[in-house]
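A, B, ... follow the sequence lines: proteins, then strands. Residue 1 opens every chain.
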Protein chains: 2
Amino acid sequence: MMKNEKPLILVTNDDGITAPGIRHLIKIMKEIGDVVVIAPDSPQSGMGHAITLNDNLYCDLITVNENENHKEYSCSGTPADCVKIAKQEILHRKPDICVSGINHGSNSSINVIYSGTMSAAVEAGTEGIPAIGFSLLDYSLAADFEPTTAYVKRITEEVLKNGLPEGVVLNVNFPKLPKEEIKGIKICRQAKAHWVEKFDKRTNPQGRDYYWLTGSFINEDKGTDTDEYNLANGYVSVVPIQFDLTAHKTIKELENWNLND
Amino acid sequence: MMKNEKPLILVTNDDGITAPGIRHLIKIMKEIGDVVVIAPDSPQSGMGHAITLNDNLYCDLITVNENENHKEYSCSGTPADCVKIAKQEILHRKPDICVSGINHGSNSSINVIYSGTMSAAVEAGTEGIPAIGFSLLDYSLAADFEPTTAYVKRITEEVLKNGLPEGVVLNVNFPKLPKEEIKGIKICRQAKAHWVEKFDKRTNPQGRDYYWLTGSFINEDKGTDTDEYNLANGYVSVVPIQFDLTAHKTIKELENWNLND
């Protein structure tokens, strides 16, 4: 970023460009810098880090509200596609930050691995762009995003000021609470939790069985330094996330296995 | 697993149930245990850890070749969906191991985050099932999987014998080499590499622009302990992968930021 230049902010999400969460995030980002939105044209929840390899991608400028400091593009692809096409085809320079969300629903704990919101942030991270995914623990389309405003602004400004270590992006989750009941921000680790699925089995009018995925979230982690614990206690959780997935501690153990004669 | 009982092996992939890679893997697994295949009905490459939240799922028994020790199901969902539905709806007990692949193409290094093959293994891992993703560095449908046979068998048997640490699955990649040129197995870390995308921009017959995603793989990692290095030098790479994505080293640094007044 040049001196006196406003930061260039790439905004995306996985709920689609019309979702209330991204509209709120755009409003906040316009107070901080020049905003380019490139977001999916339809909801992409649960897309994980999917990319579009076997289909073409559309990415169309939306001219409503367009001005020099605010452009929006609607993309037929996944959140990770949006970041890739932004960097290579749409933006004239590398953005100073990429923000993704605000997601309607939690991306805390193990949810991070299924999250399209976080995959956009991770994709930006692999390209050397500081990145943050924001999520609110409220799935409703009518969710109230106003209590997140000051925190989103503060965290974004701190990342713009300090940068992030190479290979790290931030996973930020907000409790579903009124503004006055949110106690502050906690840096956390990802809680050790998992989903126990339940499939709702039905039969279609042609007699073929099909299933709907449902499930319960099980948090077996008793730690007080986790995202789950702090969210339940009224804090905004910030988890630094890495995309070197190597379990370094396990390498030595595997070297003792009888794999080579 | 009860004494004298054969191991129950769940087989899946992301190239679809008819791909030569999974057919080869099934053949190997039938020498080791009872095999249940639950795999996508069509190719799912690049699906990352996607799950199906907004659509119904079909999962149909394929009766060809069915016998007591070998059943196959074709699923309309993603690789992660296949593992979820396997555990909850199809299998009568928790499988002793889940193997995914053999993928047509590399899942080494940063490719792991885009990989449907590995997402199936990770999904199994979150459910406490020892899991391995296998991939061959050859995208061709006519790829020769024969050179992988002894290694796939050995690694699977070692995991059945030793188990895997909690929260860890294996990412195994094979060089595209004749059997006699493969030098053995190396335990590795994920190389620090990334993709530089290039979009092939075209115009459709209606005059609307669209893009195809292409790109070049850039490995900036000079280490000799990486998967990329060892694959290039004729070894099978085994990387232990974790799904606690917390960048633990960064927590202290972030605690020094000015996030709370």
Side-chain angles (χ1 to χ4, degrees), chain A residues 43 45-54 56-59 81 84-85 88-89 110 112-114 119 122 126-127 154-155 158 162 165 168 184-185 187 189-190 192 194 197-199 201 208 210-213 238-248 250-251 253-255 257-260, chain B residues 43 45-54 56-59 81 84-85 88-89 110 112-114 119 122 126-127 154-155 158 162 165 168 184-185 187 189-190 192 194 197-199 201 208 210-213 238-248 250-251 253-255 257-260:
Chain A
S45 290
M47 281 306 282
H49 206 105
I51 50 173
T52 303
L53 296 173
N54 295 313
N56 51 36
L57 277 177
Y58 289 98
C59 189
D81 288 330
K84 283 181 183 290
I85 209 163
Q88 291 304 317
E89 291 292 324
I110 194 67
V112 69
I113 69 171
Y114 305 105
S119 82
V122 167
T126 68
E127 312 221 9
R154 182 70 162 267
I155 294 166
E158 283 291 306
N162 301 308
V168 173
I185 295 171
I187 313 299
R189 65 175 173 83
Q190 173 186 325
K192 195 183 136 29
H194 69 282
E197 278 74 32
K198 223 186 129 184
F199 286 89
K201 189 174 180 176
R208 186 175 171 202
Y210 67 95
Y211 302 86
W212 286 99
L213 173 59
V238 176
V239 179
I241 291 290
Q242 63 190 9
F243 37 88
D244 173 4
L245 306 189
T246 312
H248 289 277
T250 305
I251 287 180
E253 181 175 341
L254 294 180
E255 280 170 347
W257 284 17
N258 186 27
L259 288 172
N260 290 301
Chain B
S45 290
M47 281 307 282
H49 207 105
I51 51 173
T52 302
L53 295 173
N54 295 313
N56 51 38
L57 279 175
Y58 289 99
C59 188
D81 289 331
K84 283 180 183 290
I85 209 163
Q88 290 303 318
E89 292 291 325
I110 194 67
V112 68
I113 70 170
Y114 305 105
S119 83
V122 166
T126 69
E127 313 222 8
R154 183 70 162 267
I155 295 166
E158 283 292 304
N162 301 307
V168 173
I185 295 172
I187 313 299
R189 65 174 173 86
Q190 173 185 324
K192 193 183 138 25
H194 68 283
E197 278 74 30
K198 223 185 127 183
F199 286 89
K201 188 174 179 177
R208 185 176 171 203
Y210 67 94
Y211 302 86
W212 287 98
L213 173 60
V238 176
V239 179
I241 291 289
Q242 62 190 8
F243 37 89
D244 174 4
L245 306 188
T246 312
H248 288 278
T250 304
I251 286 180
E253 182 176 338
L254 293 180
E255 281 171 344
W257 283 17
N258 186 28
L259 287 172
N260 289 302

Fill in: Distance-minimising heavy-atom pair for B/Glu158 and A/Leu259
CG-CD2, 3.8 Å
Worksheet, complete the sentence: Of A/Leu213, A/Asn162, A/Val122, the largest count of non-hydrogen pairs under 4.5 angstrom with chain B goes to A/Asn162
Fill in: Listed partners of A/Lys201 passing salt bridge (charged side-chain N to carboxylate O under 4.0 Å, His left out), at least two apart
A/Asp209
Worksheet, complete the sentence: Smallest heavy-atom separation, B/Leu53 atom then A/Trp212 atom, equals O-CZ3, 4.3 Å
Discussion item. Heavy-atom pairs under 4.5 Å with chain B - which of A/Val239, A/Leu245, A/Ile251, A/Asp81 has more of them than the others?
Written reply: A/Leu245
Fill in: Minimum heavy-atom distance B/Thr246-A/Gln242, with the two atoms named
O-NE2, 3.7 Å
Discussion item. Let's test your reading of the structure: which of A/Gln88, A/Arg189, A/Lys84 forms the most heavy-atom pairs below 4.5 Å with chain B?
Written reply: A/Lys84
Worksheet, complete the sentence: Closest non-hydrogen contact found for B/Asn258 with A/Arg154 is O-NE, 3.1 Å
Worksheet entry | Steps toward side-chain contact (heavy atoms from CB on, under 4.5 Å) verdict (B/Leu57, A/Phe199) | CA-CA 10 Å; B/Leu57 279 175; A/Phe199 286 89; 3.8 Å; yes
Fill in: Whether B/His49 and A/Tyr114 hold their rings parallel, tilted or perpendicular, with breakpoints at 30° and 60°
perpendicular
Worksheet, complete the sentence: Greatest number of non-hydrogen atom pairs under 4.5 angstrom with chain B, of A/Thr250, A/Ile155, A/Ile185, falls to A/Ile185
Worksheet entry | Heavy-atom proximity to chain A below 4.5 Å, by part of B/Ile110 | side chain
Worksheet, complete the sentence: Counting heavy-atom pairs under 4.5 angstrom with chain B, the leader among A/His248, A/Glu89, A/Lys198, A/Arg208 is A/Arg208
Worksheet entry | Where A/Gln190 and B/Phe243 come nearest, the two heavy atoms and their spacing | NE2-O, 2.9 Å
Worksheet item: Taking the side chain as C-beta and beyond, is there a heavy-atom pair between B/Lys192 and A/Asp244 under 4.5 Å?
Response: no
Fill in: B/His194 side chain reached by A/Glu127 side chain, heavy atoms, under 4.5 Å
no
Worksheet entry | Option that, when pairs with chain B are counted at under 4.5 Å, heavy atom only, ranks first among A/Thr126, A/Ile85, A/Val112, A/Asn54 | A/Ile85
Discussion item. Among residues at least two apart in sequence or on other chains, which ones pass side chain to side chain donor-acceptor pair (under 3.5 Å) with B/Tyr211?
Written reply: none
